[in-house]
Amino acid sequence: MSSTNALNWQSVRLLTIVAERLLRDRILRHLDQMGVSGYTVIDSEGRGARGLMVDEWQGENVEIQVLASSDVVDRIAAKMRERYFEHYSIILFAQDVDVLRGDKYRKP
Amino acid sequence: MSSTNALNWQSVRLLTIVAERLLRDRILRHLDQMGVSGYTVIDSEGRGARGLMVDEWQGENVEIQVLASSDVVDRIAAKMRERYFEHYSIILFAQDVDVLRGDKYRKP
Amino acid sequence: MSSTNALNWQSVRLLTIVAERLLRDRILRHLDQMGVSGYTVIDSEGRGARGLMVDEWQGENVEIQVLASSDVVDRIAAKMRERYFEHYSIILFAQDVDVLRGDKYRKP
Amino acid sequence: MLSFDLLTANLLSPIVLAFVLGLIATSLKSDLEVPPAMHSAMSLFLLLSIGFKGGVAVAQAPLDTLVVPILATIAGGVAATLFAYVVLRRLVRLSTIDAAAVAAHYGSVSAVTFIAARDLATRVFGDIEGIMVAILVALEIPAILVGLWLGQRNSRGGERMWLSIREVLTGRTMMLLGGGLLIGAIAGPERMQRVTPLFFTLFDGVLVLFLLDLGMAAAKRLKDVRIAGWRFVAFALAIPLVHGVLGVWLGTALGFTPGGAAVFGAMFASASYIAAPAAVRMGLPEANPSLYLTAALGITFPFNLAIGIPIYLSVARALS
Amino acid sequence: MLSFDLLTANLLSPIVLAFVLGLIATSLKSDLEVPPAMHSAMSLFLLLSIGFKGGVAVAQAPLDTLVVPILATIAGGVAATLFAYVVLRRLVRLSTIDAAAVAAHYGSVSAVTFIAARDLATRVFGDIEGIMVAILVALEIPAILVGLWLGQRNSRGGERMWLSIREVLTGRTMMLLGGGLLIGAIAGPERMQRVTPLFFTLFDGVLVLFLLDLGMAAAKRLKDVRIAGWRFVAFALAIPLVHGVLGVWLGTALGFTPGGAAVFGAMFASASYIAAPAAVRMGLPEANPSLYLTAALGITFPFNLAIGIPIYLSVARALS
Amino acid sequence: MLSFDLLTANLLSPIVLAFVLGLIATSLKSDLEVPPAMHSAMSLFLLLSIGFKGGVAVAQAPLDTLVVPILATIAGGVAATLFAYVVLRRLVRLSTIDAAAVAAHYGSVSAVTFIAARDLATRVFGDIEGIMVAILVALEIPAILVGLWLGQRNSRGGERMWLSIREVLTGRTMMLLGGGLLIGAIAGPERMQRVTPLFFTLFDGVLVLFLLDLGMAAAKRLKDVRIAGWRFVAFALAIPLVHGVLGVWLGTALGFTPGGAAVFGAMFASASYIAAPAAVRMGLPEANPSLYLTAALGITFPFNLAIGIPIYLSVARALS
Ligand SMILES: Nc1ncnc2c1ncn2[C@@H]1O[C@H](COP(=O)(O)O)[C@@H](O)[C@H]1O
Ligand SMILES: Nc1ncnc2c1ncn2[C@@H]1O[C@H](COP(=O)(O)O)[C@@H](O)[C@H]1O
Ligand SMILES: Nc1ncnc2c1ncn2[C@@H]1O[C@H](COP(=O)(O)O)[C@@H](O)[C@H]1O
Ligand code: NA
Ligand code: NA
Ligand code: NA
């Protein structure tokens with residue numbers, strides 16, 4: 001974290017989900033329901049344990065980034081694990097990052 | 001950080017800016033003026049507090065990544081806040097990462 | 001890291017490589033040989049010390065993300081440094097992230 | 001005023017049907033998607049084609065036949081912007097900034113509405129004046145400048161104002177429409193003949209694909225209509241009629257053929273949703289983009305496409 | 001059964017040669033690439049074109065000539081799915097889920113195989129029945145529904161089943177093929193004429209580009225063939241012949257021209273690799289996608305493209 | 001030597017004007033952009049089209065008429081590369097590696113320059129030899145191999161050399177040009193007729209769009225010219241003239257028509273900016289890419305497009 005912190009950096013959690021393209025809309029619907037304040041979606045390709053391209057129309061994977069509180073990130077991760085880990089190409093990772101306007105990402 | 005650090009990993013700051021596409025060139029011009037050694041730009045989509053697609057020609061958002069010293073990152077963040085936070089779709093977050101050739105990112 | 005950690009988050013290393021498009025297939029072949037469990041590839045643009053677009057057919061840069069153990073990340077970084085740092089547009093940075101199913105990324 | 005045969009001819013055209021298919025696909029949450037790169041490619045193609053076609057026409061028209069219509073167009077565009085602004089302030093009760101932002105869109109012009117109108121007009125009345133494209137170019141910019149001025153005149157923004165103007169003048173719409181016009185005019189009909197198969201023969205087909213895409217975009221915008229309030233929705237439905245009928249009347253007064261006058265009116269009736277939003281977003285960032293995007297793309301464009309254009313043609317027929 | 005002239009005419013067509021070029025490029029690890037956006041744009045174009053062409057044909061056909069063929073097609077599609085399922089369970093010994101997933105693909109239809117067959121048939125026998133596109137649309141969906149039902153009937157998934165069905169019916173293939181069919185039928189031949197240069201005249205050329213791309217995709221799939229086992233490979237080569245010949249016979253019995261019967265057979269012989277994989281992935285996630293993708297795109301499609309189609313034509317000629 | 005009518009005919013062509021529009025748009029910092037996917041799609045289309053057209057021509061030409069021109073082309077390409085190398089070492093005083101890298105580009109050929117030359121030549125002299133495309137393919141590769149060898153002969157790189165050669169031979173330019181040539185030749189004129197509307201009729205139009213894009217790319221490269229130094233700029237302007245005039249002379253000696261000889265010369269005059277840069281970047285990474293990209297795309301290509309081509313045509317007319 002910035003030493004001086006004159007800008008008032010605040011720590012929130014960044015969750016990154018990489019999943020096959022087919023799951024995109026479903027995952028975003030979950031995120032909406034779980035009350036995140038927003039998300040960012042990036043087209044990507046990849047190789048993993050499955051590494052199949054089923055949705056040959058729209059490209060391979062999406063990377064979804066979500067800034068949220070630690071609790072919300074845990075709830076999202078639990079949901080993804082429950083729904084998609086077994087049968088779909090999906091991974092996720094989380095880390096702490098510093099943001100300005102920290103409240104923005106901690107919607108009730 | 002890597003335990004052995006035989007590779008001489010050094011810590012710098014990674015700033016990620018997600019903003020509406022329209023701001024792209026403006027932000028990159030700011031970065032050039034503030035003396036960063038480089039940046040990486042990725043096309044993305046997203047939803048946030050505003051979540052509007054105005055620049056319907058070129059797609060929705062861009063994600064801009066900048067490796068720089070903590071000071072420079074703070075200066076960039078301050079500039080973005082001053083110029084764009086009020087009226088535009090934009091967020092940013094920062095974190096510490098390890099790089100090789102640390103000097104590369106600490107141009108005077 | 002999540003305070004409760006009911007989800008069993010485990011720490012692994014995330015390596016991000018940004019390189020000119022031309023190196024893409026070569027780097028992915030290295031990764032395959034070095035036994036990573038997967039990778040994610042994102043098209044990007046950028047400016048850096050070189051900042052040239054040679055492969056004008058396929059666009060500018062790629063950003064490659066690899067989750068792996070600290071050792072493997074170090075081995076990859078060393079290989080990239082040896083092969084490509086001198087003459088090509090390439091940077092890399094590494095950080096610690098939390099994943100579920102940590103074993104997935106620690107293939108022997 | 002609206003003749004039934006024109007309405008049918010319009011509603012059954014592949015262009016309108018493709019737009020409806022796009023609307024339906026998005027309402028059904030279909031996974032149908034037009035890749036962003038294809039959207040940009042089609043915009044680029046359509047704008048450049050319009051420019052080329054106009055340039056070839058202008059090359060064949062005596063220059064002095066252009067002066068009066070162009071000046072009248074510019075004056076009309078400015079008047080339309082000011083009129084829209086007053087209505088938005090007084091009747092719709094928008095803030096200065098929002099009113100200026102929306103007025104800039106309604107004073108300017110939508111290239112696709114122009115094409116759709118030209119399309120129906122040619123089918124009904126035969127060929128129309130080639131200089132209409134020059135008029136399209138002339139109508140696009142002034143309104144945006146007036147809108148920016150209306151919104152910024154009370155604020156600090158001298159520098160910002162100039163930056164925005166610069167951006168409008170060098171923006172891609174101007175480059176493609178204006179640049180295409182110049183290329184067409186310089187190269188002339190004979191040399192342009194070799195690019196005819198791509199830019200002229202395929203035009204209608206590409207338009208169908210583009211409208212499929214616009215239908216999907218419009219459906220997304222329609223979701224925001226509720227936020228806008230009924231006064232604003234009424235504005236977005238009424239102003240095209242007012243602008244359109246006055247435009248047809250002005251076109252007739254300028255001596256255009258009935259088809260030409262109808263297309264002229266349709267241009268005035270239309271609201272820009274490519275050039276204006278980008279310029280206004282940069283020049284008047286305080287304005288609410290939901291307002292102008294929803295109105296221009298979500299309400300006025302479909303209205304003109306389905307009902308407005310046949311109305312302007314009917315009026316032109318009646319006035320001629 | 002396979003006549004030599006048909007085989008040559010087919011193998012030397014630019015379509016097949018472009019597919020082979022794609023296969024070779026990928027095997028040589030060339031850096032040749034078709035951008036994903038271009039792939040999507042071409043799929044969209046081809047599906048919409050097929051729809052348009054079919055719609056125009058249907059608009060000209062008396063509606064009652066459609067009823068019997070469509071019903072026969074649906075019945076045939078269901079029968080083909082069930083037959084494939086039984087073979088996959090008994091002879092190939094797949095699990096219930098995998099058998100259901102693969103059967104859904106082989107009961108459904110590949111639009112590109114349809115086009116390639118229509119192409120050769122028209123060259124050899126002259127124009128074929130226009131209603132074949134309506135048949136294509138009718139053949140696509142039932143098999144997928146049957147497959148999902150076969151795979152899910154023992155599991156909890158009532159809700160999931162309905163979600164999948166909804167998705168198939170509103171999926172892009174249906175929107176473009178079905179929507180295009182409707183637009184073509186509503187607008188009618190005359191109004192569609194203005195989009196002919198893009199959607200009809202360019203069709204064959206775009207198909208060549210698309211097959212170049214499919215060749216590259218198929219080569220990637222072929223790598224997984226070894227994992228699939230010889231029984232499965234044999235299935236992917238034999239079932240198109242069985243489905244295809246029975247399809248030609250059914251088409252002849254329905255009174256189609258020889259060309260029409262051959263195309264009808266080719267549709268039954270083909271396996272879907274656009275609509276079915278997406279639907280099956282969501283509706284039967286437990287099934288192994290390697291199996292159905294490799295079989296449909298890696299084996300059956302090239303087989304039909306190179307050898308199958310000339311065979312179905314030869315059979316149709318013999319039966320007529 | 002340069003006749004005025006040829007210069008005008010060239011400068012007023014939509015192709016050149018579109019290039020200029022691209023240059024202007026980028027200089028004005030316009031937000032005009034061609035999406036990367038569209039750029040790739042157009043490259044792919046143009047290269048495959050050229051291949052197809054050449055293949056059809058070769059299919060109609062007796063094979064033995066090809067041997068001598070092809071061999072002369074290969075010899076000429078090698079000679080041109082060596083000559084450029086010597087000039088770059090002695091007069092421009094580049095390092096071995098940089099000289100080798102740049103020489104590879106100037107010995108090789110730019111497909112777009114070829115097309116632009118063929119375009120003007122056909123308009124002025126009528127149809128030219130169809131085998132020119134075979135010559136294009138033959139001219140592309142040898143220079144790159146010679147350049148790599150010149151740059152690597154003193155270094156360790158045996159293995160790297162072979163890797164680079166493999167990559168050039170399986171690279172996309174070869175796949176599309178060479179593969180297209182084969183497809184065109186195997187399928188033959190009659191079977192290719194069905195893809196004519198896309199690949200031949202639309203060619204000129206797509207070229208206009210592509211040159212708009214190249215204009216924007218060239219403008220970006222021009223910024224680096226200052227770094228290159230005046231000797232290098234002089235090289236990039238003079239060498240096309242030398243290569244071009246000698247090429248026209250060789251073409252005339254080989255018995256080509258004046259149009260054919262002019263196009264032959266333009267090929268020698270041109271510098272590759274698609275195949276060569278990728279190969280050189282991998283095979284000679286120590287070389288400075290700014291040098292070869294700026295020279296090939298920023299200086300020599302615009303020079304040839306605007307002035308060079310009419311000069312080579314004038315020379316061919318004088319020599320005939
Ligand atoms: N070790 C890894 N590092 C980075 N990305 C990965 C890794 N493993 C998997 N992925 C990404 O996650 C997607 C799904 O992975 P999987 O579920 O293992 O097939 C892959 O297509 C990759 O994009
Ligand atoms: N909570 C969030 N997590 C990740 N990305 C976000 C979040 N909120 C906003 N964004 C991204 O930032 C852009 C602008 O956000 P906003 O200014 O809130 O409209 C959005 O379009 C998203 O791409
Ligand atoms: N300071 C930086 N921050 C973020 N990305 C960078 C930075 N420097 C370089 N890059 C990225 O790495 C690529 C290669 O950098 P370089 O080797 O310095 O030319 C650039 O094109 C950028 O995409
Ligand atoms: Na207007
Ligand atoms: Na089938
Ligand atoms: Na050359």
Side-chain angles (χ1 to χ4, degrees), chain D residues 5 8-46 49 115-116 118-120 122-124 196-213 215-216 219, chain E residues 34-49 51-53 55-56 59 163-164 166-203 205-206 274-275 278-279 281-282:
Chain D
D5 61 315
T8 330
N10 189 52
L11 291 181
L12 297 185
S13 76
I15 292 173
V16 174
L17 293 173
F19 184 81
V20 173
L21 179 59
L23 282 178
I24 293 175
T26 297
S27 328
L28 294 178
K29 297 204 172 119
S30 168
D31 61 352
L32 180 60
E33 256 187 10
V34 171
M38 183 178 172
H39 178 85
S40 310
M42 292 191 298
S43 306
L44 194 159
F45 170 84
L46 292 173
S49 293
I115 300 167
R118 192 181 61 183
D119 183 64
L120 190 68
T122 351
R123 275 192 285 148
V124 173
T196 299
L198 179 63
F199 289 105
F200 300 170
T201 316
L202 294 190
F203 191 90
D204 287 339
V206 174
L207 196 59
V208 164
L209 289 174
F210 194 70
L211 277 158
L212 176 67
D213 193 13
M216 297 194 273
Chain E
V34 171
M38 182 177 171
H39 178 85
S40 310
M42 292 191 298
S43 306
L44 194 159
F45 171 85
L46 292 173
L47 291 173
L48 198 60
S49 293
F52 281 172
K53 201 161 201 169
V56 170
L163 272 177
S164 318
R166 204 188 164 289
E167 262 171 25
V168 180
L169 293 177
T170 63
R172 55 198 160 224
T173 324
M174 269 314 280
M175 284 293 131
L176 293 170
L177 271 184
L181 198 73
L182 280 177
I183 291 181
I186 296 175
E190 202 194 333
R191 283 195 202 85
M192 291 305 287
Q193 205 160 330
R194 285 162 38 245
V195 304
T196 300
L198 178 64
F199 289 105
F200 300 170
T201 316
L202 295 190
F203 192 89
V206 173
I274 298 187
R281 187 87 184 103
M282 291 314 313

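Protein chains get the first letters and strands the later ones, always in sequence-line order, with residue 1 at the start of each.
D/L12 CG to E/I183 CD1: the interatomic distance, rounded to the nearest 0.5 Å, is 11.5 Å. Of the inter-residue distances, the one linking D/L17 atom CG with E/I186 atom CD1 reads 5.5 Å to the nearest 0.5 angstrom. One finds the CE atom of D/M38 at 11.0 Å from the CE atom of E/M42 (value rounded to the nearest 0.5 Å). With values rounded to the nearest 0.5 angstrom, D/L32 atom CG is found 9.5 Å from E/L47 atom CG. Note: D/D204 CG to E/R191 CZ = 14.0 Å, rounded to the nearest 0.5 Å. The structure places CZ of E/R194 at 7.0 Å from OG of D/S13, a figure rounded to the nearest 0.5 Å.
Heavy-atom distances place the side chain of D/L21, and not its backbone, under 4.5 Å from chain E. Both the backbone and the side chain of D/V206 come within contact range of chain E, judged by heavy atoms closer than 4.5 Å. Using a 4.5 Å cut-off between heavy atoms, E/L169 makes no contact with chain D at all. Only the side chain of D/L212 comes within contact range of chain E, with heavy atoms under 4.5 Å apart. In this structure, chain E has a heavy atom under 4.5 Å from the side chain of D/I15, while its backbone stays farther away. Of the atoms belonging to E/L48, it is side-chain heavy atoms, and not backbone ones, that fall under 4.5 Å from chain D.
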Steps toward side chain to side chain contact (heavy atoms under 4.5 Å, CB included) verdict (E/L202, D/L202): CA-CA 10 Å; E/L202 295 190; D/L202 294 190; 3.6 Å; yes

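At a threshold of 4.5 Å between non-hydrogen side-chain atoms, the residues E/F199 and D/L209 count as touching.
Here the shortest heavy-atom pairing between D/P35 and E/A37 reads CG-O, 3.7 Å. What you find for E/G171 and D/S30 is that their closest heavy atoms are C-OG, 3.9 Å.
Put simply, of E/G184, E/G180, E/A187, the one with the most heavy-atom pairs under 4.5 Å next to chain D is E/A187.
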